[in-house]
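To start, the structure under review is shown below, and the notes come after it.
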Amino acid sequence: MERKKLISDDGRRLDGRRFDEIRPIKFKIGILKNADGSAYIELGKTKVIVGVYGPRELHPKHLAVPDRCIIQARYHMAPFSVKERKSPAPSRREIELSKVIREALEPAIFVELFPRTTIDIFAEVIQADGSTRCAAISAASLALADAGIPMRDLVASIAVAKVDNQLVLDVMDEEDKYGLSDMPIAMMPSKNVITLLQMDGMLTCEEFKKSLELAKKGCMEIYKKQKEALESYFKNIKEEK
Amino acid sequence: MATSPIPSLKRKQIYELAESGKRIDGRGLVDMRKIEISTNILDKAEGSASVKLGDTYVIAGVKFEVSEPFPDIPNEGVLSVSAEFLPLASPSFEAGPPDENAIELARVVDRALRGGKAINTQKLCLIPGKKVWTVWVDIFVFDHFGNLIDASALASLCALITAKVPKTEIIGNEVKILDEYEPLPINSLPITITLAKIGDKLLVDPSLEEEEVMDCRISIAFVEGKDNQEHICAVQKGGKGAFTYEEILRAIDIAKVKSQEVRKIIPCGGK
């Protein structure tokens with residue numbers, strides 16, 4: 001198969017970015033009225049809405065755990081979020097991503113504070129242009145904060161890919177499709193720990209280490225934007241009162 | 001999945017042992033359990049293998065089917081991996097469609113085979129753009145005693161490397177399947193190694209008890225590249241906890257050595 005050229009001779013990516021640049025990012029917090037917490041993220045053309053409910057009573061009750069709350073996460077892509085209409089039924093990919101998103105967020109939440117309850121996180125991808133799970137995680141941690149759920153840290157997430165023998169930060173759809181590897185990662189930046197790590201494709205150990213470093217840099221940038229979004233959101237609420 | 005109360009009692013013991021470099025079943029931290037591989041155990045499947053990893057027992061079967069290629073890769077065969085956690089394999093497994101654990105496992109095995117280019121999918125093209133072979137790998141878990149990912153990845157690989165694909169004759173736009181077989185074209189041997197994090201220790205090939213109390217796990221697949229170097233071809237973190245950078249780099253180093261050890265015991269050297 002003829003590989004599409006993803007990096008120009010002067011080192012620019014398809015959308016003009018340098019290898020270590022993330023796309024323009026925009027957060028909106030508290031965009032849904034019914035949910036206890038909500039957030040919207042735009043990461044380039046990737047757009048995700050996240051709603052959080054809880055801590056709340058769990059049904060069926062036998063799933064409840066006596067010494068902590070459980071976390072349930074649902075990652076879902078809208079049929080119109082991609083070029084070819086996607087069936088709305090949850091795919092195997094979405095079931096796996098729901099699991100890893102839950103496991104990426106759970107280390108941040110003080111689950112022991114809410115025994116026998118559930119916190120439900122719903123992430124709906126309304127437009128997909130790569131790194132949708134990362135966008136969902138970054139937005140979900142803001143939605144959890146909006147719901148007033150005590151957390152050890154925010155969770156920031158970004159992906160690193162290898163395209164044309166170059167590692168690039170914040171992967172868009174075409175880089176994911178035609179690239180040589182894709183590595184989504186999530187971390188709690190203040191704790192300096194990794195809560196999501198996946199990789200497919202092929203990398204040398206050296207490239208893997210470099211990808212981790214690049215991802216770390218990206219997560220710090222996302223983290224900064226997350227904190228800015230939270231600050232301005234709560235400042236506005238204060239002013240309204 | 002229901003968890004039994006016994007591991008909560010054993011939790012302290014497992015953590016204390018790990019702290020002093022020991023494990024509840026007597027292994028060292030980086031020791032794998034005994035691996036037993038049998039291949040070609042079934043006649044009707046074009047490829048099959050069973051793997052016992054300690055008491056964990058899985059069977060993988062390979063079937064071929066003529067199908068249409070994906071539009072974005074019109075000249076390549078298709079690989080499809082599924083897993084069934086049979087209710088007979090564990091008191092915590094229930095009948096029904098694959099749950100998130102079975103789906104995650106199948107997708108991690110799939111990624112290692114795909115990322116490591118285990119199968120030469122170009123050679124599975126029958127009529128470019130129209131007909132290709134789909135390779136179905138089905139993983140069945142019969143006894144769950146921990147680390148299903150590594151056992152399943154190994155069983156799938158062994159079933160594939162011993163699989164025979166039917167020869168065909170192309171008549172116009174029709175594919176005629178002959179009653180003759182040739183080996184499935186294999187490029188490489190990706191090996192997946194899973195480590196559990198217990199406190200600040202990393203344990204290779206976690207047992208069921210260790211899995212039930214671990215902070216989290218990481219699975220790393222390695223493949224030998226054309227440069228004779230080990231390349232990483234899949235990674236998956238699982239579980240509720242978190243890893244530090246140092247732990248991930250340490251896991252990579254351990255898994256690299258272990259994957260080479262496991263690759264050596266693959267039947268017929270993979271040929």
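Remember, it's a predicted structure, so these values are computed and weren't measured experimentally. Residue numbers start from 1 in every chain, and the chains themselves are labelled A, B, ... in the order their sequence lines are given, proteins ahead of strands.
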Hits for side-chain contact (heavy atoms from CB on, under 4.5 Å) against B/Val78, two or more places apart or cross-chain, chain-then-number order -> B/Phe70, B/Val132, B/Thr134
A/Glu206 and B/Gln229: side chain donor to acceptor below 3.5 Å:
no
A/Ile109 side, atom CD1; B/Lys240 side, atom NZ - distance, nearest 0.5 Å
11.5 Å
Heavy-atom closest pair, residues B/Ile252 and A/Phe208
CD1-CE2, 3.5 Å
In Å and rounded to the nearest 0.5 Å, what is the CD to CD1 distance from B/Glu100 to A/Ile95?
8.5 Å
Compare every heavy atom of B/Glu230 with every heavy atom of A/Cys205, then report the nearest pair and how far apart it is.
SG-O, 4.4 Å
Provide the full list of salt bridge (Lys or Arg N to Asp or Glu O under 4.0 Å) pairs with a residue in residues 83-95 of chain A, sequence neighbours left out, each pair given once.
A/Lys86-A/Glu94
Could you give the distance from CD1 (B/Ile218) to CD1 (A/Ile194), rounded to the nearest 0.5 Å?
8.0 Å
Which pair of heavy atoms, one from A/Val100 and one from B/Lys237, lies closest together, and at what distance?
CG1-O, 4.5 Å
Is it true that A/Glu96 and B/Arg107 make a salt bridge, defined as a side-chain N closer than 4.0 Å to a carboxylate O?
yes
Select, from B/Asp215, B/Ile248, B/Asn75, the one with the greatest count of heavy-atom pairs under 4.5 Å involving chain A.
B/Ile248
Minimum heavy-atom distance between B/Gly241 and A/Pro107, given as atom pair plus value
O-CG, 3.6 Å
